[in-house]
**Student:** 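One structure, pasted below without further comment.
Please read these numbers as outputs of a predicted model, since none were measured by experiment. For the numbers below, each heavy atom of this structure counts, side chains included, while hydrogens, waters and symmetry mates do not.
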Amino acid sequence: MEKNKLIIIVLVIVAALSILLYVSSSRERIDLAKQVNQVTEQSKALEIEKQNLLQELEKEKALEQKLSQANIGMKNYLRASNKRISKFFVDYEEVKARFERLGSQFSILKAEHSALLDNRNKIAKENEQLKAKVGSVFALKEAIRELKVQMHKVTVQIKEKVNLDKVIEGNRGYLIKQGKPTTPSKVKIEVVPASEK
């Protein structure tokens, strides 16, 4: 009987140990399940956070692309504005130069106008003097004499000018003198044998 008691004690100890191991493994399994649940929840949270980050990244990419297109548009607008400003400066310089030319032309016209007014006044005075001279026969004869003298002077000047134009310097028969041609154009000289009779 003692053997049976010993077997029962051993069985009770084995059973108690089995129960303790079962309880311990159940606790470990429950702890592992809790940990798996926590890891799963963390994984889901990380997945959700990843999706949120991907959405934000897509938004950022779309915003960057939109800003890039806006930047390109602004650069094109800036280039066009620079061209327009350059054209405005060129136009301004042309207008300024034209204004200066017109100013100088206006000054010239003003001087000419002043000269014409002086000339007109002078002609008006001469006209008055001529009217006074023509009024008397004696003054008329005197005016005709003065006119004849002036005409004679002009005729003499014209004759002198015509005679000066007719004077032609000769070259004393030389075609080339001291190695330089004396005529302005080339001269062709042909020698023809005399005909025999």
Side-chain angles (χ1 to χ4, degrees), residues 1-127 165 176 178-188:
M1 279 236 182
E2 281 190 22
K3 245 182 174 180
N4 281 344
K5 282 184 181 180
L6 194 61
I7 291 176
I8 291 174
I9 291 175
V10 169
L11 284 174
V12 170
I13 290 175
V14 169
L17 283 174
S18 294
I19 290 172
L20 281 174
L21 283 173
Y22 176 73
V23 170
S24 174
S25 70
S26 292
R27 279 187 184 166
E28 284 180 11
R29 198 169 15 125
I30 290 170
D31 288 340
L32 282 175
K34 284 181 182 178
Q35 287 178 356
V36 166
N37 285 338
Q38 285 177 351
V39 168
T40 304
E41 286 175 10
Q42 286 177 353
S43 174
K44 286 179 182 176
L46 287 174
E47 189 66 31
I48 291 170
E49 190 175 346
K50 178 183 172 185
Q51 291 298 324
N52 290 338
L53 287 174
L54 286 174
Q55 288 176 354
E56 284 182 26
L57 183 63
E58 288 298 321
K59 286 179 185 177
E60 290 292 328
K61 282 183 181 177
L63 181 62
E64 182 183 356
Q65 188 174 9
K66 191 175 179 182
L67 288 174
S68 177
Q69 289 174 349
N71 191 16
I72 290 170
M74 291 298 250
K75 282 181 181 177
N76 291 337
Y77 180 76
L78 184 62
R79 276 193 215 104
S81 296
N82 283 339
K83 286 181 182 177
R84 281 197 298 262
I85 289 171
S86 298
K87 188 177 182 303
F88 286 146
F89 276 117
V90 168
D91 291 345
Y92 170 74
E93 291 299 325
E94 288 176 359
V95 167
K96 185 178 174 185
R98 197 166 85 193
F99 182 73
E100 288 174 359
R101 283 195 306 269
L102 288 175
S104 63
Q105 288 175 355
F106 179 73
S107 299
I108 292 169
L109 287 174
K110 195 174 178 183
E112 287 177 357
H113 178 69
S114 176
L116 285 174
L117 283 177
D118 291 342
N119 196 15
R120 180 177 165 199
N121 293 335
K122 184 179 176 183
I123 289 172
K125 287 179 184 177
E126 288 177 1
N127 193 14
D165 288 343
I176 296 176
Q178 295 179 353
K180 294 180 182 173
T182 59
T183 59
S185 61
K186 292 184 178 180
V187 177
K188 183 176 180 182

**Student:** Who are the side chain to side chain contact (heavy atoms under 4.5 Å, CB included) partners of Val14, not counting sequence neighbours?
**Tutor:**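 Testing Val14 for side chain to side chain contact (heavy atoms under 4.5 Å, CB included), a comparison that skips the adjacent residues, returns Val10, Ser18.
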**Student:** Please, which pairs that meet salt bridge (charged side-chain N to carboxylate O under 4.0 Å, His left out) have at least one residue in residues 78-99, sequence neighbours excluded?
**Tutor:**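 Only Lys87-Asp91 qualify under salt bridge (charged side-chain N to carboxylate O under 4.0 Å, His left out).
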**Student:** Restricting to side chain to side chain contact (heavy atoms under 4.5 Å, CB included), what partner residues turn up for Leu57, sequence neighbours left out?
**Tutor:**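 For Leu57 the side chain to side chain contact (heavy atoms under 4.5 Å, CB included) partners, ignoring immediate neighbours, are Lys61.
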**Student:** Does Ser107 use its side chain to pair, donor to acceptor, with the backbone of Gly103 at less than 3.5 Å?
**Tutor:**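 Looks like yes, one N/O pair under 3.5 Å.
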**Student:** Looking at CD1 of Ile9 and CG of Asn4, how far apart are the two atoms once the value is rounded to the nearest 0.5 Å?
**Tutor:**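 Nearest 0.5 Å value for the CD1-CG distance: 11.0 Å.
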**Student:** Can I get a per-line list of side-chain donor-acceptor pairs under 3.5 Å for residues 28-42, giving both atom names and the distance, sequence neighbours left out?
**Tutor:**
| unit_1 | atom_1 | unit_2 | atom_2 | d |
| --- | --- | --- | --- | --- |
| Asn37 | ND2 | Ala33 | O | 3.4 |
| Thr40 | OG1 | Val36 | O | 2.6 |

**Student:** With a sphere of 6.0 Å drawn around CD of Glu126, does it hold more than 12 non-hydrogen atoms of other residues, nucleotides or ligands?
**Tutor:**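 Yes - once you tally the heavy atoms of other residues, nucleotides and ligands closer than 6.0 Å, there are more than 12.
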**Student:** Holding to side chain to side chain contact (heavy atoms under 4.5 Å, CB included), I want the full list of residues that pass it with Leu21, two or more places apart in sequence or in another chain.
**Tutor:**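 Side chain to side chain contact (heavy atoms under 4.5 Å, CB included) list for Leu21, sorted by chain: empty.
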**Student:** Mind checking the CG-CD spacing from Asn71 to Gln65? Nearest 0.5 Å is all I need.
**Tutor:**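 Output value for this atom pair is 13.0 Å.
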**Student:** Between Ser114 and Asp118, is a side chain to side chain contact (heavy atoms under 4.5 Å, CB included) present by the stated rule, with each step listed?
**Tutor:** CA-CA 6 Å; Ser114 176; Asp118 291 342; 4.2 Å; yes
**Student:** Main chain of Tyr22, side chain of Ser26: is a donor-acceptor contact present, judged purely on distance under 3.5 Å?
**Tutor:**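 Judged by distance alone, yes, a pair lies under 3.5 Å.
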**Student:** Is the side chain of Asn121 donor-acceptor paired with the backbone N or O of Leu117 at a distance under 3.5 Å, no angle test?
**Tutor:**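 Indeed, once roles are kept as given, a pair shorter than 3.5 Å links the two residues.
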**Student:** Can you measure from CG (Leu109) to CG (Leu102) and round to the nearest 0.5 angstrom?
**Tutor:**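 Separation between the atoms: 10.0 Å.
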**Student:** What pairs with Lys59 under side-chain hydrogen bond (donor to acceptor under 3.5 Å, both in side chains), at least two apart in sequence or on another chain?
**Tutor:**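 So Lys59 forms no side-chain hydrogen bond (donor to acceptor under 3.5 Å, both in side chains) with any residue.
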**Student:** Do the non-hydrogen side-chain atoms of Glu112 and Ile108 ever get within less than 4.5 Å of each other?
**Tutor:**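 Yes; the side chains approach each other to less than 4.5 Å.
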**Student:** List the steps, then state whether side chain to side chain contact (heavy atoms under 4.5 Å, CB included) holds for Arg27 with Val23.
**Tutor:** CA-CA 6 Å; Arg27 279 187 184 166; Val23 170; 4.2 Å; yes
**Student:** Apply the test side chain to side chain contact (heavy atoms under 4.5 Å, CB included) to residues Glu47 and Lys50: give CA-CA distance (whole Å), side-chain angles for both, the deciding distance (0.1 Å), then the verdict.
**Tutor:** CA-CA 5 Å; Glu47 189 66 31; Lys50 178 183 172 185; 4.3 Å; yes
